[in-house]
Amino acid sequence: MNIFAHRGYSGIYPENTMTAFMKAAGTACYGIELDVQLTKDGTVVVIHDERVDRTTGGTGWVEDFTFAELQRLNANKTHPEAAEQEHIPSFEEYCAWVQRTNLVTNVELKTGCVYYSGLEEKTLDIIKKYDLEPRMFFSSFNPLSLVLIKRIAPEIPCGLLVERPVVHAGKMCVQFGFEYYHPGTDGLTEDAVKECRAAGRKVHVWTVNEIEDKTRLEQWGVDGIFTNFPEL
């Protein structure tokens, strides 16, 4: 079962920062999960929330900041004890770094609450610039973003991301050409995992931070988990 560091090593270090990613790379994790959005001036940045309030010392919507303005915010708020100063990285900064590793990356397109026109294309352009297509895949709570990715880059895998498990998820993923199914742990059953596997779809589960849950999911045949503690 593959281990993905959820927003990097976010259980100990400020989430979605280069420090969290680099610390995750020092573990035996298979890959990293991160989130991308667009700034006011069209830069693809790595941040989870649509607002900067929870993770930085600033306030407001990501889409209302230029990249230079975001860079001036301190992004250490989730773990100030671990870092005095952190910045919000651009996706390009991340790609330039991860290219030198063997890590696989799950890029979550944050288009569920705010739709960033052009985010899919801009993100793909950066991935292609660094020749990272074989080590990247997409997920999103907005399946239309995944449909668009499949239209313009059908060779890159996509994962259907859901808050709650859906019935016949494997068949749904086959219908839309999605290779992966990404349910949360709440309500997930072994039968649902089996249905996806029978349909030839891989299952990656979020967010798994307890060893008991990890053991159970491994016994069910889950392909991967997202965890804040990649040394779990």
Legend entry - Aromatic plane relationship, Y94 with F91 - under 30° parallel, 30 to 60° tilted, over 60° perpendicular: parallel

Inset, instruction - Take the angle between the ring planes of H204 and F137 and call it parallel below 30°, perpendicular above 60°, tilted in between. - result: tilted

Backbone N or O of [Y] within a donor-acceptor pair of the [X] side chain at under 3.5 Å?
X: N209; Y: T227; value: no
X: E163; Y: G184; value: no
X: D41; Y: T66; value: no

Identify whether the distance between the nearest side-chain nitrogen and carboxylate oxygen of [X] and [Y] falls below 4.0 Å.
X: D213; Y: R216; answer: yes
X: D223; Y: R197; answer: yes
X: E92; Y: K129; answer: yes

Less than 4.5 Å apart, side chain to side chain, heavy atoms only: is that true for [X] and [Y]?
X: Q85; Y: N76; result: no
X: F65; Y: L73; result: yes
X: F229; Y: I12; result: yes
X: N228; Y: H6; result: yes

Legend entry - For E108, side-chain hydrogen bond (donor to acceptor under 3.5 Å, both in side chains) partners two or more places apart: none

Inset, instruction - Identify, with sequence neighbours excluded, every residue that meets side-chain hydrogen bond (donor to acceptor under 3.5 Å, both in side chains) alongside T215. - result: none

Inset, instruction - Measure across P157 and M136 and return the closest heavy-atom pair with its distance rounded to 0.1 Å. - result: CD-O, 3.8 Å

Inset, instruction - Quick one: do I3 and I225 satisfy side-chain contact (heavy atoms from CB on, under 4.5 Å)? Show the steps, please. - result: CA-CA 5 Å; I3 305 297; I225 60 169; 3.5 Å; yes

